[in-house]
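Below: the structure, in structure tokens.
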Amino acid sequence: QVQLVESGGGLVQPGGSLRLSCAASGFTISRYAMRWYRQAPGKERELVAGITSTGGSTTYVDSVKGRFAISRDNAKNTVYLQMNSLKPEDTAVYYCNALWGRYGSSYWGQGTQVTVSS
């Protein structure tokens, strides 16, 4: 079964840090670009960070640049999102996505809740 499972979310204070993990099973991520999205209630889904299949290039939405870092470990079939200096506006459900553009293949995780509040 193809599956992406996010973990590492939780409640943190403003200025705190979290590290999200996305573990893939049923397929290997080595040929997939990996991305993190987030969505808050009543708001549009937003692309937060992306990384190419080789890990050679990353991209971030402006609001998280300098605070978040996406990385991948293809040997472990896992992608990460390190989140530092968290702000209340970062509160959302964070979703992992795998995309193989050549075939249009796309897989989604179930999401993990991140809440930034004092």
Side-chain angles (χ1 to χ4, degrees):
Q1 182 180 11
V2 172
Q3 191 173 21
L4 293 172
V5 179
E6 302 96 333
S7 62
L11 174 64
V12 297
Q13 295 181 341
S17 298
L18 284 174
R19 192 189 197 200
L20 306 183
S21 297
C22 174
S25 60
F27 75 108
T28 56
I29 68 169
S30 61
R31 297 186 185 274
Y32 289 77
M34 302 298 295
R35 301 184 290 195
W36 287 95
Y37 288 80
R38 67 186 180 188
Q39 187 168 25
K43 298 183 179 180
E44 296 180 347
R45 184 181 63 184
E46 176 185 42
L47 175 63
V48 177
I51 187 168
T52 56
S53 60
T54 64
S57 181
T58 59
T59 185
Y60 302 92
V61 67
D62 286 344
S63 61
V64 309
K65 288 181 178 177
R67 300 189 297 119
F68 290 12
I70 187 172
S71 61
R72 66 191 298 153
D73 188 337
N74 286 348
K76 295 183 177 180
N77 224 28
T78 302
V79 64
Y80 306 93
L81 184 67
Q82 179 67 46
M83 305 186 296
N84 300 323
S85 302
L86 283 162
K87 304 174 180 180
E89 66 189 82
D90 297 318
T91 297
V93 177
Y94 283 72
Y95 298 92
C96 178
N97 170 255
L99 176 66
W100 192 350
R102 169 176 164 80
Y103 296 104
S105 300
S106 182
Y107 303 114
W108 291 88
Q110 82 291 337
T112 185
Q113 177 71 48
V114 172
T115 302
V116 185
S117 176
S118 59

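These numbers come from a predicted model, not from an experiment.
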Measure across [X] and [Y] and return the closest heavy-atom pair with its distance rounded to 0.1 Å.
| X | Y | answer |
| --- | --- | --- |
| Ala92 | Gln113 | O-NE2, 3.4 Å |
| Tyr107 | Asn97 | O-ND2, 3.0 Å |
| Val79 | Ser71 | CG2-O, 3.0 Å |
| Tyr60 | Ala69 | OH-CA, 3.3 Å |
| Gly50 | Arg35 | CA-CG, 4.0 Å |

Are [Y] and [X] co-members of a hydrophobic cluster defined by side-chain heavy atoms under 4.5 Å apart?
| X | Y | result |
| --- | --- | --- |
| Ile70 | Tyr95 | no |
| Ile51 | Val61 | yes |
| Leu47 | Trp108 | yes |
| Tyr80 | Val48 | no |

| field | Gap between atom OG of Ser53 and atom CE of Met34 - 0.5 Å precision | value |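 Nearest 0.5 Å value for the CE-OG distance: 11.0 Å.
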| message | If only side-chain N and O atoms count, and only distance matters, is there a donor-acceptor pair under 3.5 Å linking Arg45 with Tyr37? | response |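 Per modelled atom types, Tyr37 and Arg45 side chains form no pair under 3.5 Å.
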| query | Can you name the side chain to side chain contact (heavy atoms under 4.5 Å, CB included) partners of Asn77, sequence neighbours left out? | reply | Ala24, Thr28, Ile29
| Thr54: side chain to side chain contact (heavy atoms under 4.5 Å, CB included) partners, not counting sequence neighbours | Thr52
| All side-chain hydrogen bond (donor to acceptor under 3.5 Å, both in side chains) counterparts of Glu89, not counting sequence neighbours |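 With sequence neighbours excluded, Glu89 shows a side-chain hydrogen bond (donor to acceptor under 3.5 Å, both in side chains) to no residue whatsoever.
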Kindly list each side-chain donor-acceptor pair under 3.5 angstrom involving residues 1-22, sequence neighbours excluded, with atom names and distances?
{"unit_1": "Glu6", "atom_1": "OE1", "unit_2": "Gln110", "atom_2": "N", "d": "3.0"}
{"unit_1": "Glu6", "atom_1": "OE1", "unit_2": "Gln110", "atom_2": "NE2", "d": "3.2"}
{"unit_1": "Glu6", "atom_1": "OE1", "unit_2": "Gly111", "atom_2": "N", "d": "2.9"}
{"unit_1": "Glu6", "atom_1": "OE2", "unit_2": "Cys96", "atom_2": "N", "d": "2.7"}
{"unit_1": "Glu6", "atom_1": "OE2", "unit_2": "Gly111", "atom_2": "N", "d": "3.3"}
{"unit_1": "Ser17", "atom_1": "OG", "unit_2": "Asn84", "atom_2": "OD1", "d": "3.0"}

| Which pairs count as salt bridge (Lys or Arg N to Asp or Glu O under 4.0 Å) when at least one residue sits in residues 71-81, sequence neighbours excluded? |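 Every pair satisfying salt bridge (Lys or Arg N to Asp or Glu O under 4.0 Å) with a residue in residues 71-81: there are none.
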| field | NZ/NE/NH1/NH2 to OD/OE distance under 4.0 Å, Lys65 and Asp62 | value | yes
| field | Under the ring-ring contact (aromatic ring centres under 6.0 Å, His included) test, residues paired with Trp100 that sit two or more places apart | value | Tyr32, Tyr103
| query | What do the steps show when you test Val64 against Glu46 for side chain to side chain contact (heavy atoms under 4.5 Å, CB included), and what is the final call? | reply | CA-CA 12 Å; Val64 309; Glu46 176 185 42; over 6 Å; no
| said: Less than 4.5 Å apart, side chain to side chain, heavy atoms only: is that true for Arg67 and Lys87? | reply: yes
| message | Using side-chain heavy atoms (C-beta onward) and a distance below 4.5 Å, is Asp90 in contact with Met83? | response |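 Not in contact.
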